[in-house]
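All remarks here apply to the structure that follows.
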Amino acid sequence: QLQLVESGGGLVPPGGSLRLSCAASGRTFSSYTMAWFRQAPGKEREFVAHISWSGNRPYYTDSVKGRFTISKDNAKNTVYLQMNSLKPEDTAVYYCAASDSGSGYNTKRAYAYWGQGSLVTVSS
């Protein structure tokens, strides 16, 4: 079993920055593809970004490209999401997730392990 715990959420004004962290424990973290999803009030959980087990080949949904950066530190068993130029529409609960499915990394069903979520609110 892999446990994931997010941290770093909070309230930030439009245009501001925030960094989310997701600490993993319980299994070999380095073998998993890691991702961030988010769920806004009243909406479905949606894919934000994923990164391969080696920490290479990040991939982003179009709405965050150029603003968000996903990174992975296997030595610290942690994945990060640096969020810059935040917009009110980025407001959501952000979840990290881990997958060893081998494919479909843009979809929720590829991920067997999920954190509890961290709330990000972008508002003035």
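None of the values given here were measured: they were computed from a predicted structure.
- Between Q82 and R19 the shortest heavy-atom distance is OE1-CB, 3.4 Å.
- Less than 6.0 angstrom separates the ring centroid of F47 from the ring centroid of F37.
- The closest side-chain heavy-atom distance from T121 to V12 is not below 4.5 Å.
- Applying ring-ring contact (aromatic ring centres under 6.0 Å, His included) to H50 and the options Y60, Y105, W36 leaves one that passes, Y105.
- The CG atom of L119 sits 9.0 Å away from the CG atom of L11 when rounded to the nearest 0.5 Å.
- With a 4.5 Å cut-off on side-chain heavy atoms, L86 and P14 do not count as touching.
- Counting heavy atoms from C-beta on, the side chains of V48 and F68 come closer than 4.5 Å.
- A pairwise comparison of heavy atoms in A98 and M34 identifies CB-SD, 3.5 Å as the closest pair.
- S52 and S54 share a donor-acceptor pair across their side chains, judged by distance under 3.5 Å alone.
- As a member of the Ile/Leu/Val/Met/Phe/Trp/Tyr network built from side-chain separations under 4.5 Å, V5 groups with nothing else and remains a singleton.
- In this structure, Q116 and Y95 have side chains that are not in contact, with every pair of non-hydrogen atoms separated by 4.5 Å or more.
- Residues I70 and Y113 are members of one and the same hydrophobic cluster, defined by side-chain heavy-atom contacts under 4.5 angstrom among Ile, Leu, Val, Met, Phe, Trp and Tyr.
- Side-chain contact between Y111 and T33 is present, with heavy atoms from C-beta onward closer than 4.5 Å.
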Report all side-chain donor-acceptor pairs from residues 87-94 shorter than 3.5 Å, counting only partners two or more places apart or in another chain.
unit_1: D90; atom_1: OD1; unit_2: R38; atom_2: NH1; d: 2.9
unit_1: D90; atom_1: OD1; unit_2: R67; atom_2: NH2; d: 3.0
unit_1: D90; atom_1: OD2; unit_2: R67; atom_2: NH1; d: 2.7
unit_1: D90; atom_1: OD2; unit_2: R67; atom_2: NH2; d: 3.4
unit_1: D90; atom_1: OD2; unit_2: K87; atom_2: N; d: 2.8
unit_1: T91; atom_1: OG1; unit_2: P88; atom_2: O; d: 2.9
unit_1: T91; atom_1: OG1; unit_2: V122; atom_2: N; d: 2.9
unit_1: Y94; atom_1: OH; unit_2: R38; atom_2: NH1; d: 3.0
unit_1: Y94; atom_1: OH; unit_2: D90; atom_2: O; d: 2.6

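- Inter-residue side-chain proximity for M83 and L20 is flagged as met; some heavy-atom pair is nearer than 4.5 Å.
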Exercise. Which is it for W53 and Y32 under the side chain to side chain contact (heavy atoms under 4.5 Å, CB included) test, yes or no, and what are the steps along the way?
Worked result: CA-CA 5 Å; W53 65 270; Y32 290 88; 5.9 Å; no
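- Residue pairs meeting the disulfide (SG to SG under 2.5 Å) criterion with at least one partner in residues 1-97, sequence neighbours excluded, are C22-C96.
- Pairing each heavy atom of E6 with each of S118, the nearest pair is CB-CB, 3.9 Å.
- The two residues V79 and S71 come nearest to each other via the heavy atoms CG2-O, 3.1 Å.
- S17 and N84 share a donor-acceptor pair across their side chains, judged by distance under 3.5 Å alone.
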